[in-house]
Structures are given as structure tokens and as C-alpha cells.
Number of protein chains: 2
Amino acid sequence: MATIVATHERAAAAERILRAAIALFRVRGYHGSSMRTLARGLRMEAASLYYHFGSKQEILFAILDRTLDDLLHGVGRAVAAVEGPEARLRAAVRFHVLFHAHSQHEAFLSHSELRSLTQGNLRLVLTRRDEYERVFRSLLTSGVRAGVFQVSDVRLTAMAILTMCTGVATWFSDRGRLAPESIADRYVEMILRSVKRCPKGSPS
Amino acid sequence: MATIVATHERAAAAERILRAAIALFRVRGYHGSSMRTLARGLRMEAASLYYHFGSKQEILFAILDRTLDDLLHGVGRAVAAVEGPEARLRAAVRFHVLFHAHSQHEAFLSHSELRSLTQGNLRLVLTRRDEYERVFRSLLTSGVRAGVFQVSDVRLTAMAILTMCTGVATWFSDRGRLAPESIADRYVEMILRSVKRCPKGSPS
DNA sequence: ATACCTACCTAACGTTCGTTAGTAACCCGA
DNA sequence: TCGGGTTACTAACGAACGTTAGGTAGGTAT
């Protein structure tokens, strides 16, 4: 029991550090943040952080690794909950936007601090990011095959959709005009308008 | 004449420094790049950089300031060259995408290194960026008023369009599958599909 | 020939960086 | 009450940071 409690508290301390690091890295960037500044925000000494993490780099990787986990599991659950390419794309886009609003800071870091990862850690993260992007590409492809989408270039369209939604993390504000749900709804509409096959023969 | 030559060479040296800084900051980030590393790439000593720029911060600001200049003038010229809300939005989007492919690195920095600016410099840059965004908002508004666009939220749509196109700077590659022109064409089509008013009453 | 300016250099400044070693306070089971 | 593990601390390491002072080689103007 003692070890379980200890483990819990240890995990909780690590969690506190990660949360503080997310907030700090988001504002000042990884290289612009020092271990001493991070520690100060936690009312600790910098050296104490090394009890929980082996290095500064390990902290960054832990943040990005977990964020990629959440993205992959989240989009998997969202897509599995409905049927058909259109409903699934709606669900995937909706999840992606909501995640980038709710988990704004870590989502932002997962894109902006890739360059601060060591080579090995970058490879690990990019592999999972590719996997995530593949979900969207395959949804588009299914829709095109089923005749409900009309897309001239699946790869490009997937990138366009993802970067558009990812951008939410850069400008979203809790105290802003629009709630995450509203933003997600409108993004879903915009995106579906641009990929849906038009019944009449107007496009391009 | 001597002074003119001197001035030219001085400006050329400053230009070389800016170009090297753009490449370096892009890869390592502002705080991840040192004056010594920057100098090494130029076969200089770090101290010599201070003959051309007052500080590291001044180099970053010079990059972002000029990029904002290019964006504002470029979109102004693009929009002025054609008539009507739809043609103008096409032109603006086209310019924005092409700029973020051709001037990829500095365009990337103008978004990713805002947080590395001092407060005063940030204010200057943000003022101009707001001005740039306003161009797109007013194009959308004109189109809605003219009845050619159908947009539920102009502000949100403008942000969506801009972040989508800005994203090009993060993934574009010279040696990639698609030329900037092709990317611009497809982006223009996607965006216009999602803002154009549908003749029939299907949307939402 | 002299004086000056330009564009760089070497050397060093004080500070901060990530990280390690060694230690002290605390809590728990025995 | 004792001993061991947990979690933090203080102190310090060498390296790297942005920046400044002062000097020097070479071209130009007088």
C-alpha cells in the first residue's frame, strides 16, 4: 500500500511538473524556458526536477508523447462511434478542433516544438503523427470511393484540413467570443462544403 | 560615390546576415540559435555582427518587420489588380499561399517567433498583422453583402482561411510533389467552395 | 603622406544555462 | 524507537550565452 500511495504521489508530482512545463514552454518556448524558471513556478529548486525527470528534453518528450497518444486514441474513438465516410469525417474534424481548443497548450507544443526534440525523440513523435494524418487521408479516400466526396488531391486536402484545424490552438481563447463547440460546428461545415460532391456540375 | 558604394556593401552585408538568420532561426528557433552559431555560418566572429545590428533581437525584428511589409504590399497589389469580391478573394488567397511557399522560412518565422519578440516589437508586428487579416475579413464581408458568399461568421472564416494557408509554410518542400502554383490553385478552389453561396438551399 | 572611415578581429565581461553530488527532513513499517 | 526509502534541498560544475571594449588592416579623401 505504501508503495501504491508513493507511486500515486510521484505520478501526481510528475503531472504537476508537466502541466507547468506546458504552460511555460507555450509562452517562452522550450529553449527560451530554463529549468530554474520552471522550478520557480512550482516553488521548487531546479535540481529537484531531476528527481522526476532525467532531463529537460525528457520533459518535452513526455508532453508531446502523451499528446500524440491522446490525439490517436481520441480520433479512433470518435471515428468508431459513427458509420459512413461523411459522418466519420465530421466526427474526426469535430474531435480535432475540440482537442485543439480544450488541450490548446499541449496541442500547440506538439506542432511548434518538434524542432526542439532530439533526433531520436523526433522520429518517435513523427511516426505517430503520420499515423494520425493517415486517419484523415483514409477517411477522404473512402468518401471519394463512395462517391460522396469530390477531392482533387487527397494528400493536399488532408494537410489543408489538418493545418486549418490545428490553427485553432494558436488563436483560441477561453474568454473569446466563440465556444469550442461553436467553432467545431462551423469548421465541420466549412470543411464539408469544400469536400462534398456537388450534385450539379458546377465546380472548377 | 564612395559613400554610395560603402552604403551598398553595408546593406549587402546586412542582407547576408538576415538571410542566414532566417535559415538558422527556422531550424533551431530564436532562443535555440546563438550569435556565435549565426556568425560561424557567415564565416565571421560573433562580435562582428554587432557592427551591423544592435542586438540579436534587432535581427529578429528586422526579419519579421520586412516580412510583414512584403505581405501587406503583396496582398494590396494582388487585390487591386482585379475587380469583384470573388476574384479579389481568389487573388488574395493565391498570393497568401504563394508567399508562404516562396518565402517559406521568413513566413514561418513571422508566426512561430512572435513570442520571442520584446513587448514593444511585438506590438508593432501585431498591429500590421491585424491590418493584414482585416483585408481578408473585408473581402469576405463584401462578398456576403454582394450576395456571392455565404458565411456564418466572417471573423472565424477569415481565421480559418488564413491559418489553413499559413500552414503551407510548415510543410511545403521545394522538392515536393506539388509546385506552389498547383497548391495555390487547389487551395483557392477549396476555399471558394466553402464560402460561395450555393444556388440551391442545401447548406447547414 | 596623412588622417580617417569601414569592417572586421581578439579578448573578455558578467550572467545564465543544464546538470550532478552530496545531504537533510520527512513518513512509513517493523 | 529505529532504519530505509522518498522527496526535496544547497552548492557547485563547466560550458555557453549576449554583449562590450579596444585594436587592426586596408581602402579612400585630402
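To find a chain, count down the sequence lines: A is the first, B the second, and so on, and within it residues start at 1.
Take A160(B) and apply the side chain to side chain contact (heavy atoms under 4.5 Å, CB included) test, not counting sequence neighbours, and it matches M164(A), Y187(A), M190(A). Under the salt bridge (charged side-chain N to carboxylate O under 4.0 Å, His left out) criterion, E86(B) pairs with R90(B), K196(B), not counting sequence neighbours.
Whole-Å rounding puts the Y51(A) OH to dC9(D) P distance at 13 Å. A straight line from NE2 of H52(A) to C1' of dT6(D) spans 9 Å, rounded to a whole angstrom. The CG atom of L24(B) sits 11 Å away from the P atom of dC17(D) (whole-angstrom rounding). Distance, L42(A) CG to dA8(D) P: 10 Å, rounded to whole Å. In this structure, R28(B) atom CZ and dA16(D) atom C1' are separated by 14 Å, rounded to whole Å. Taking atom CD on E45(A) and atom C1' on dT20(C), their separation rounds to 15 Å, with Å as the unit.
Pairs engaging residues 100-142 of chain A under the ring pair (Phe, Tyr, Trp, His ring centres under 6.0 Å) rule: H96(A)-H100(A), H96(A)-Y132(A), H96(A)-F136(A), H100(A)-H111(A), Y132(A)-F136(A) [sequence neighbours left out]. Counting only residues at least two apart or on different chains, the side-chain hydrogen bond (donor to acceptor under 3.5 Å, both in side chains) pairs with a member in residues 42-55 of chain A are R10(A)-Y51(A). For residues 65-81 of chain A, every residue pair satisfying the salt bridge (Lys or Arg N to Asp or Glu O under 4.0 Å) rule, not counting sequence neighbours, is listed here: E15(A)-R66(A), D65(A)-R128(A), D69(A)-R128(A).
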Interface polar pairs with nucleotides 18-21 of chain D, N/O, under 3.5 angstrom:
unit_1: dG18(D); atom_1: OP1; unit_2: S33(B); atom_2: O; d: 3.3
unit_1: dG18(D); atom_1: OP1; unit_2: K56(B); atom_2: NZ; d: 2.8
unit_1: dG18(D); atom_1: OP2; unit_2: M35(B); atom_2: N; d: 2.9
unit_1: dG18(D); atom_1: N7; unit_2: R36(B); atom_2: NH1; d: 2.9
unit_1: dG18(D); atom_1: O6; unit_2: R36(B); atom_2: NH2; d: 3.0
unit_1: dT19(D); atom_1: OP2; unit_2: Y50(B); atom_2: OH; d: 2.7
unit_1: dT19(D); atom_1: OP2; unit_2: K56(B); atom_2: N; d: 2.9
unit_1: dT19(D); atom_1: O5'; unit_2: Y50(B); atom_2: OH; d: 3.3

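Listed pair S48(A) / dC9(D) meets the phosphate criterion, a side-chain N or O lying under 4.0 Å from OP1 or OP2.
For the 3.5 Å distance criterion, the side chains of T163(A) and T166(A) fail to qualify, holding no donor opposite an acceptor.
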